[in-house]
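Input: a single structure, listed below in structure tokens.
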Protein chains: 2
Amino acid sequence: MATSTVENYIKQIYLLQQNTSGERVSVGKLAAMMGVVPGTATSMVKALADSELVEYEPRAGLRLTRGGEQLALHVLRRHRLVELFLVNVLGLDWSEVHEEAEDLEHAISDKVLNKIDAYLNSPQFDPHGDPIPSARGKVPDMECRSIADCPVGRSFRISRITDQDSKFLQFAERNGLTPGVTIRITDRNSEADAVTIHVSGRRVMLGTSAATKILVEDKAARTR
Amino acid sequence: MATSTVENYIKQIYLLQQNTSGERVSVGKLAAMMGVVPGTATSMVKALADSELVEYEPRAGLRLTRGGEQLALHVLRRHRLVELFLVNVLGLDWSEVHEEAEDLEHAISDKVLNKIDAYLNSPQFDPHGDPIPSARGKVPDMECRSIADCPVGRSFRISRITDQDSKFLQFAERNGLTPGVTIRITDRNSEADAVTIHVSGRRVMLGTSAATKILVEDKAARTR
DNA sequence: ATAATAATTTTGAATGCTCAAAATATAGAG
DNA sequence: CTCTATATTTTGAGCATTCAAAATTATTAT
């Protein structure tokens, strides 16, 4: 069985691969995300390669194998189902559940996971709008782009917030920027590096780097 | 912070102390319960003594300090609240929740624990009738003795099953021997080493070693 | 009191994960 | 094409936990 350290590395590699759309991940980036010194990442990656969870070309980077991806998806499934459970059933705030799930994702058996899944009615998205992989490793797809590159004047539905930082999530919540909410993009000023949106009457200004973290889809889009 | 290994040792020492009513625990017994070789227990115990969780007299045995006891009670609180939650909310079988809780007890934060406690209405006993220590470390007291040494002819209410083995728990459940149930002791045969009881019409025979694991209290006893 | 037995501790080594610091490879600038 | 800055890997070491096997101590029976 994979230790929770291994699960964390694999999960992180998966997430890095997502960002760079499938490119090889560099050992340095991985080390930075894991909060370890580069040498540590190197030796861990070698171990992961020995267990056939990643393909590793020294100095060129690494990529998950099929098995590694399966493991990553399984960990993410646990993480995200737990997050949703904590919010919907136990009433924790969405800004704090990421931290909690970081530990729980390694301690939950399939038996309990399936009960949670059933209790929640096999949901497809967690409280931040992140897709919950199915038990068989299928990821619900979502077409969405960030507020930072949406056309001005149109309305959208917020589908996902891609930052787990609790300060940011609290800010988003205070301003009504949560998944499911409809917003209208009213102005973009590339000099000021800012976007103005309207959300339930209020007017909110976002710098580009914040806007990038909020993903939306067309108003007409599928039910969530 | 205590590692989960440390938490497990401390918990086990506490449970051993309970059985031997406060006597010093021997390193050998501890090793056996933890499933490690005696030398391992010795070195762990030394480390626990360094952290002031136990008092340790080489060759004479060990005892929890006040701090150690606090930690044990906190772990037990997590374990037992989780067990009850798994049974009452997620619908797991009482025979399987002990295993599940073994991992979860180390991964649950106080924040989540308090939510669970509130959700369950600050319960005092887990599904096996084991007392749940309060957040401040108070253990609800229960007066009870085992079926093995109860007078014949009287009725009692089952209050606790002191064996987490899932086979035994399944057997108990099949025969209606669960906390809250009323039984009547109809015969004791010390030659055969057996007790006969009646539970909801049925007649069940128990060897002494099984009978010892089932604790009862007077019919009139407090609500559970 | 002594020898045998049982419990405990010590020693030396392994595993998994980590760091600090030195060595090495690669890419870009001149 | 060579030099330098940057990324990566290697090396040596430490911590927590474990085992196997040897050494020590305590207990019991004679």
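Model, not experiment: these values are computed from the prediction. Letters A, B, ... are given to chains in the order of the sequence lines, protein chains preceding strands, and every chain is numbered from 1.
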Please give, in whole Å, the distance from C:dT26 P to A:Arg24 CZ?
13 Å
Spacing of CG belonging to A:Leu215 relative to OG belonging to A:Ser159, to within rounding of 0.5 Å
5.5 Å
State, with a plain yes or no, whether a side-chain heavy atom of A:Ile147 is found less than 4.5 Å away from one of A:Ile197.
yes
Rounded to whole Å, please give me the gap between CG in A:Leu30 and P in C:dT18.
11 Å
Rounded to 10°, the helix from C:dA1-D:dT30 to C:dG30-D:dC1 deviates from straight, judged by its five-pair end axes, by 10°
Regarding A:Gln170 and A:Asn175, is there a side-chain donor-to-acceptor distance under 3.5 Å anywhere?
no
To the nearest angstrom, how far is A:Leu53 atom CG from C:dG16 atom C1'?
15 Å
Ignoring hydrogens and angles, tell me if any N or O in the side chain of B:Thr178 forms a donor-acceptor pair with the backbone of B:Glu173 under 3.5 Å.
no
I need the A:Phe168 CZ to A:Leu177 CG distance, nearest 0.5 Å.
7.5 Å
Could you tell me whether the side chains of B:Asp110 and B:His74 share a donor-acceptor contact shorter than 3.5 Å?
yes
Can you measure B:Met34 atom CE to C:dT8 atom P for me and round it to whole angstrom units?
16 Å
Answer yes if the side chains of B:Ser166 and B:Glu96 hold a donor-acceptor pair under 3.5 Å, and no otherwise.
no
Output the rounded distance in Å from CG (A:Asn8) to P (C:dT18).
9 Å
Quick check: A:His98 with A:His128 (ring centres under 6.0 Å apart)?
no
Whole angstrom is fine here: how far is it from NZ in A:Lys29 over to P in D:dT6?
15 Å
Looking at C:dA20, D:dT8, D:dA20, which one has an atom nearest to any side-chain atom of B:Val37?
D:dA20
Can you check each nucleotide of nucleotides 9-14 of chain D against protein heavy atoms at under 4.0 Å and return B for base, S for sugar-phosphate only, - for none, in 5' to 3' order?
BB----
Closer than 4.0 Å, any side-chain N/O of B:Tyr9 to the OP1 or OP2 of D:dA16?
no
Roughly, in whole Å, what's the span from CG in B:Leu48 to C1' in D:dT18?
15 Å
Could you give the CE-to-P distance, from A:Met44 to C:dG16, as a whole number of Å?
10 Å
Among C:dG16, D:dT17, D:dC19, the one nearest any side-chain atom of A:Thr3 is C:dG16
Carboxylate-amine/guanidinium proximity below 4.0 Å for A:Glu7 and A:Arg78:
yes
